[in-house]
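Throughout, a chain's letter reflects where its sequence line sits, starting with A, and its residues are numbered from 1.
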2 protein chains.
Amino acid sequence: MDASIMTKKTTTPNRAKTPVRVQPPGRKRATLADVARIAGVVPMTVSRAINRSGYVSDAVRKRVMEAVEKLQYRPNMLARQLKGQRMYAVGVMLPDIANPFGNELVLGIKEVLDASGYTAFITTSGGSVENESAALQSFVDHRIDGLIVATRGTVAGDKALADIAAQQVPIVTVGREVEITGVDCVSVDHYRGAFEAASHLIEMGHKRLGYIGVGHPEDPAPLRFEGYKAALAAAGIPFREEYAVREVDAPAFATEEDGYQGMLLLANRKQRPTAVFARNDFAAIGALRAMHTLGLKVPQDVAIVGFDNIRMSAYTTPPLTTVEQPILEQGRMAARFLVERIEGHAKGKTRNVVMASKLVKRESVMKR
Amino acid sequence: MDASIMTKKTTTPNRAKTPVRVQPPGRKRATLADVARIAGVVPMTVSRAINRSGYVSDAVRKRVMEAVEKLQYRPNMLARQLKGQRMYAVGVMLPDIANPFGNELVLGIKEVLDASGYTAFITTSGGSVENESAALQSFVDHRIDGLIVATRGTVAGDKALADIAAQQVPIVTVGREVEITGVDCVSVDHYRGAFEAASHLIEMGHKRLGYIGVGHPEDPAPLRFEGYKAALAAAGIPFREEYAVREVDAPAFATEEDGYQGMLLLANRKQRPTAVFARNDFAAIGALRAMHTLGLKVPQDVAIVGFDNIRMSAYTTPPLTTVEQPILEQGRMAARFLVERIEGHAKGKTRNVVMASKLVKRESVMKR
DNA sequence: CTGTTAGCGCATTCAG
DNA sequence: CTGAATGCGCTAACAG
């Protein structure tokens with residue numbers, strides 16, 4: 001323990017505001033049998049009353065509900081699942097907790113899940129494939145009903161997913177197209193989004209376009225990078241290797257530092273690019289910082305466009321032109337697909353939905 | 001479904017890269033009994049071999065382990081918990097998934113939890129107290145072994161926590177001091193951190209200090225605001241009501257928009273503050289944006305300091321002077337406390353640890 | 001060192 | 001409409 005840490009032991013003088021205990025502390029939680037005893041019926045009847053399965057007379061149901069209330073009874077999901085039922089819980093795998101993308105995605109997921117009576121338990125991959133596989137396995141060990149996976153694909157990771165899918169666990173991926181039968185995928189057209197962003201730059205008169213965040217060679221489908229190259233090709237501009245820089249380090253996504261270092265590199269080319277497309281807004285923000293350090297102006301000296309439209313993009317100096325993806329909608333759809341699979345409504349066909357993105361024009365790009 | 005969404009149905013041509021199924025798909029997961037049959041022993045023996053409880057001969061253990069391997073056996077945590085054992089899972093309640101604070105906190109928590117064999121399941125409060133209570137209850141319903149709560153306190157929320165604590169569920173809070181017996185708290189000294197940040201501004205020659213993000217009146221302990229006022233008092237500078245603005249909206253934390261609007265307000269006072277203390281970095285970044293919009297310079301016209309030292313603070317224009325809190329360490333300690341409580345090593349005394357924060361000086365403040 | 005018995009809390013199945 | 005029996009997968013407690 002650090003010397004700078006002060007430990008203050010409190011005697012915890014139960015203040016008046018501390019709520020009254022409804023239940024005597026230390027009591028074990030009430031079970032169906034307890035409720036049944038109070039209500040004067042057998043456990044099975046209580047089960048029926050609570051789950052609205054089978055017939056129960058109104059009089060009995062009323063007595064049962066009163067007992068439930070009195071005992072603060074809550075069904076034991078575990079015992080339930082043990083009998084082959086659902087847990088009413090799904091696992092959500094995110095790359096990390098820092099990315100605004102994850103937040104909105106979870107909002108969409110929860111919206112649908114809540115309505116269907118499911119709970120979302122979230123975990124993070126921590127950047128490493130081993131961690132990710134372990135966390136996925138932990139979800140399965142805890143018998144969640146299904147999985148939504150929103151981490152970037154890797155060969156080893158895809159294998160782990162396939163193994164889990166083989167165990168009959170419903171899976172839906174977001175932003176990651178895997179080729180596993182029964183695994184639905186929801187994503188946006190990164191290729192097209194990048195294509196449009198780069199084309200916008202070209203329309204604005206730019207001919208020397210830099211790209212920050214190429215990604216690792218083994219990474220599956222560097223769609224954004226491909227879209228950028230395609231836009232160049234469509235405009236008859238040759239792709240220049242020296243204008244494409246990759247991230248310094250490769251976490252789940254490109255960071256501000258990647259953008260910062262990348263911009264420094266690009267600014268020092270003999271012929272400086274007049275515009276830069278950053279793989280995501282974090283990198284774009286880092287690039288903004290580099291420009292300022294260099295004493296260069298955005299968008300006058302170099303135009304910058306990002307990708308994702310994170311909340312902060314509207315508050316940078318200057319505000320960032322970027323590509324927005326329908327994150328909320330992806331979350332909703334992923335959850336909808338998953339619930340369908342869990343409840344057996346999806347008749348086997350593997351689904352693959354690709355949504356469109358949208359260019360958001362702000363002030364980091366100007367006509368050349 | 002939106003018209004802008006393209007649906008592409010794939011036939012999923014099981015590519016070569018799809019891994020071989022280790023287990024015939026559709027098979028139910030192996031149980032202790034299955035393993036026992038293969039190994040030629042009784043289930044109990046398998047249980048002992050796996051959990052290293054009781055004596056098992058090396059020969060038998062080896063046979064068992066082979067069977068486990070062959071069948072890809074994984075213990076059913078639920079059945080285990082049903083027998084009064086642990087789930088080896090703890091719930092973590094975060095305000096949201098977008099705040100970098102949460103990411104680092106989870107990193108610290110996981111580090112300790114992993115080492116102790118526990119899994120962390122995360123959920124978010126979604127900003128509303130009802131949601132938070134429901135999510136907390138869901139954790140309890142799923143029989144997690146303990147809870148780490150890092151949301152901001154509210155009266156209703158504290159009551160929900162007390163109810164859960166009364167059900168004998170171990171709880172540790174982070175950044176939220178609650179007065180419930182048996183609930184440990186870990187936090188940093190926001191008061192002191194704010195005091196030092198404001199004092200720094202004063203030392204740099206500032207006398208008119210603005211504050212952005214006062215917080216709602218019913219919120220428990222607006223410690224940062226109090227620290228700011230104390231620094232003023234210590235320097236003999238009278239507190240001016242018109243220099244303290246609150247957030248437009250009140251989500252889990254102040255946002256860029258709050259900082260933006262707040263700065264606009266402050267800049268229009270008859271006597272503009274020469275320095276502004278924003279409750280957190282998001283608000284500080286919003287303030288930076290407002291300054292730029294106004295055609296004012298930071299730090300020349302107004303100095304700005306934030307709180308939290310989020311990753312992005314080093315990449316703003318100019319880089320932000322801010323207060324750093326030991327988030328990782330808070331996560332580690334919270335997890336340590338929780339595991340101790342779960343495993344019964346905490347001998348009843350309620351702990352309350354307050355850590356120190358640290359001022360990080362960058363370029364958003366200069367001598368006046 | 002290994003086997004047997006019993007029961008955790010619930011819902012499916014079959015009898016009333 | 002309600003009750004009784006049974007077993008999900010696992011482990012504590014007690015034999016051998």
Considering only NZ, NE, NH1 and NH2 on the basic side and carboxylate oxygens on the acidic side, decide whether [X] and [Y] come within less than 4.0 Å.
X	Y	answer
B:Arg86	B:Asp145	no
B:Lys62	B:Asp58	no
A:Glu329	A:Arg332	yes

Can you tell me how far [atom2] of [N] sits from [atom1] of [X], to the nearest Å?
X	N	atom1	atom2	result
A:Ile50	C:dG9	CD1	C1'	12 Å
B:Met77	D:dC8	CE	P	21 Å
A:Tyr55	C:dG16	OH	C1'	17 Å
B:Asn51	D:dC10	CG	C1'	9 Å
A:Arg143	D:dC8	CZ	P	14 Å
A:Arg63	D:dC1	CZ	P	15 Å
A:Leu78	D:dT11	CG	C1'	16 Å
A:Leu82	C:dA11	CG	C1'	11 Å

Respond yes when some side-chain nitrogen or oxygen of [X] is under 4.0 Å from OP1 or OP2 of [N], and no when none is.
X	N	value
B:Thr45	C:dG3	yes
B:Gln85	D:dA12	yes
A:Arg80	C:dC10	no
B:Tyr73	D:dC10	yes
B:Ser57	C:dT2	yes
A:Asn76	C:dC8	no

> Under the 3.5 angstrom rule, does the side chain of A:Asp34 hit a backbone N or O of A:Thr31 as a donor-acceptor pair?
Replying inline: yes

> Judged by atom type as modelled, is there a donor-acceptor pair below 3.5 Å linking the side chain of B:Lys110 to the main-chain atoms of A:Thr124?
Replying inline: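 At least one qualifying donor-acceptor pair exists.
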
Taking any heavy-atom pair under 4.0 Å as a contact, classify [X]: base, sugar-phosphate, or nothing.
X	value
B:Val42	base
A:Pro75	sugar-phosphate
A:Leu32	sugar-phosphate

> Between A:Thr31 and B:Met44, which has a closest nucleotide on DNA chain C that is more 5'?
Replying inline: B:Met44

> Any donor-acceptor pair under 3.5 Å between the side chain of A:Lys83 and the base of D:dG7?
Replying inline: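 When only heavy-atom distances are counted, A:Lys83 does reach the base of D:dG7 through a donor-acceptor pair under 3.5 Å.
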
> Hey, is the side chain of B:Arg48 pairing donor to acceptor with the base of C:dG3 inside 3.5 Å?
Replying inline: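 Under the 3.5 Å cut-off, the side chain and the base do form a donor-acceptor pair.
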
> Of A:Val183, A:Ile164, A:Ile342, A:Val90, which meets side chain to side chain contact (heavy atoms under 4.5 Å, CB included) against A:Val169?
Replying inline: A:Ile164

> Taking for each residue the nucleotide of DNA chain D with the nearest heavy atom, is it B:Ser53 or A:Val56 whose nucleotide lies nearer the 5' end?
Replying inline: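 Closer to the 5' end of DNA chain D: A:Val56.
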
